[in-house]
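Data block below; observations after.
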Amino acid sequence: MNLNLTPEQDLIIGMVRKFVREEIIPLEMNLDPDADELPAADKARLVEKTKEMGLYGLDIPPAYGGPDIDLVTRTLIAVEMSQHRAGLYAPCYGTFGGAGLAQLFEATDDQKERYLYPTLRGEKRGFFGLSEPSGGSDPARAIQTKAVQDGDDWVINGGKLWISGADRADFGLVFARTDSDQGRNGVTCFIVDTDTPGFHVRRIVHTLRSANYATELQFEDMRVPASNILGKLNRGFAIANDRLTRQRIPYAAGCIGVAIKAQEMALEYVPQRETFGAPLSSRQAIQWMLVDNDIDIKQSLWLTLEAASKAEQGEVFRKEAAMAKLVATEAGGRVVDRCMQMFGGLGVAKDLPFERWFREMRIRRIGEGPSEVQRHVIARELLGASLR
Amino acid sequence: MAIRLTKPWIPLEEGIAGLRGHLGVFQLADAQQQIVYIGFAGGNSLFGLRGEVTAMSKEIADSAFVRVEITTAYLSRYRELMMIHIADHGILPSANKLNKQPLTLGKMSPAG
Ligand SMILES: Cc1cc2nc3c(=O)[nH]c(=O)nc-3n(C[C@H](O)[C@H](O)[C@H](O)COP(=O)(O)OP(=O)(O)OC[C@H]3O[C@@H](n4cnc5c(N)ncnc54)[C@H](O)[C@@H]3O)c2cc1C
């Protein structure tokens, strides 16, 4: 793998870095430290800028009007976009647009008209509803939400837990059991409109992350037309799995961006701050924290770029994506923790972004498959099907 | 944790006297104990709940009672209380049009 940036990558990264530093960070300084959205007028102005830069809707495939940028470059951009206080869960506050739920690119033409295109135009939002109170690590076995066919409709009963953004969504992907004897081959993915009778957002699940919070959903005799099945009946788990694997790359990239920014702040601070008559940077204890940070960041970056490069070339990248997610989320937590230590009291104050990164980074080791599940995925790849 | 804020209302002066600089959410009510405002004390609030409740009670002439909940998850809790109010009454509390930092709200249908 060639780790040198091409002149084109260099140019794009430079543009995004400038955008984050000159547009996002100054606005962010006036927001609540836990904010996850910009005032509407600022967001509209910045969306125009990212469109002028040719970087709006980065993850939208070119066939659907997105800029034609390869996955390695998009990963490098994701690393840049997260280098601010809200960067982990609201990179650049959404001003680069989004591709929405990637599974919708596999939808039928009718489903694309109703859900995909409005999402790409920024008119609709979707949620991803997989996890349930019965467990998120092993959803294929844990899913208890049931869908039963009734004429041309399916009637769904059950509930979901931890679902991000469902209260503000127009529709969502809901995974339900359609054949109770078939394990992972008995789960179907339904596209559900949030105004469907029987769809309820019951509460917000308050966690360490106040921004982009999770919700608890309940479905009571919720009727969904068969035409809203995404993909094939009983094949929903493959859709979920594909999404989880792909999502691990940008998920890792966000952690790396935050770690880079935290390290940059520490590198600036420790030569200036004096204790016992000498700058912190002269102490070996501090130097070693900086060194360990650098190693953590490089390891994470290389593994993540390797996963992106394999995915870009159409190779199987399950193991690499799991490694990237595992290493970047754990390393990101260590880097932010060390930087907090170097900043002393300021490190834990809301005046600086470390405390938010610390809380949100902790969730990264659980969300999108906990570290142990990533190790399980890697072990399966190493040992083969016997572990399945 | 109860979803609705169900603590007893405290007369403003007494309520403010008991407040300290914590992060959290609060509700102000009129003399009939109808909610007129939902707010939060966040990371940028001077003197936390005490500062925010004092300032907003001065701005909202008909506020007579207060109740608070101390929480570091003030933003998600604030949004939840606003959505519950809309689910229960169809509209936002009357004084929330004064909001300095309007946030996008979703839609909830809390049980009970
Ligand atoms: C803030 C937040 C937002 C979320 N948003 C969404 C969302 O939008 N959509 C969605 O579908 N889900 C979402 N999730 C759910 C998330 O994916 C799950 O929390 C996660 O998959 C773990 O599931 P669980 O919490 O049920 O833990 P469990 O599955 O009960 O696992 C508990 C712990 O057991 C350990 N463990 C699990 N399996 C193994 C194993 N094989 N070997 C050893 N140890 C193991 C791990 O340490 C794990 O943390 C969100 C979660 C959070 C916290």
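Proteins come first, then strands; the chains are lettered A, B, ... in the order of their sequence lines, and each starts at number 1.
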Flag the pair [X] and [Y] as a salt bridge only when some basic side-chain nitrogen lies within less than 4.0 angstrom of an acidic carboxylate oxygen.
{"X": "A:Glu48", "Y": "A:Arg45", "answer": "no"}
{"X": "B:Arg79", "Y": "A:Asp32", "answer": "no"}
{"X": "A:Glu264", "Y": "A:Arg21", "answer": "yes"}

Just wondering, are more than 12 heavy atoms of other shown residues or ligands nearer than 6.0 Å to [atom1] in [X]?
{"X": "A:Tyr117", "atom1": "OH", "result": "yes"}
{"X": "A:Tyr251", "atom1": "OH", "result": "yes"}
{"X": "A:Gln341", "atom1": "CD", "result": "no"}

Quick one: CG on B:Asp88 to CD1 on B:Ile86, what's the gap to the nearest 0.5 Å? 10.5 Å
Does any backbone or side-chain atom of B:Leu105 lie under 4.5 Å from a heavy atom of chain A? Answer side chain, backbone, both or neither. backbone
Where on B:Leu81 is there a heavy atom nearer than 4.5 Å to chain A: the side chain, the backbone, both, or neither? neither
So which of B:Ser76, B:Gly106, B:Ser45 has the biggest tally of heavy-atom pairs under 4.5 Å with chain A? B:Ser76
The complete set of side-chain hydrogen bond (donor to acceptor under 3.5 Å, both in side chains) pairs with one or both residues in residues 155-167 of chain A, sequence neighbours excluded, reads A:Glu132-A:Lys160, A:Asn157-A:Asp221, A:Ser164-A:Arg209, A:Asp167-A:Tyr213
Counting only non-hydrogen atoms closer than 4.5 Å, can you tell me which residues of residues 84-95 of chain A sit against chain B? none
At a heavy-atom separation under 4.5 Å, does A:Thr215 approach chain B through its side chain, its backbone, both, or neither? neither
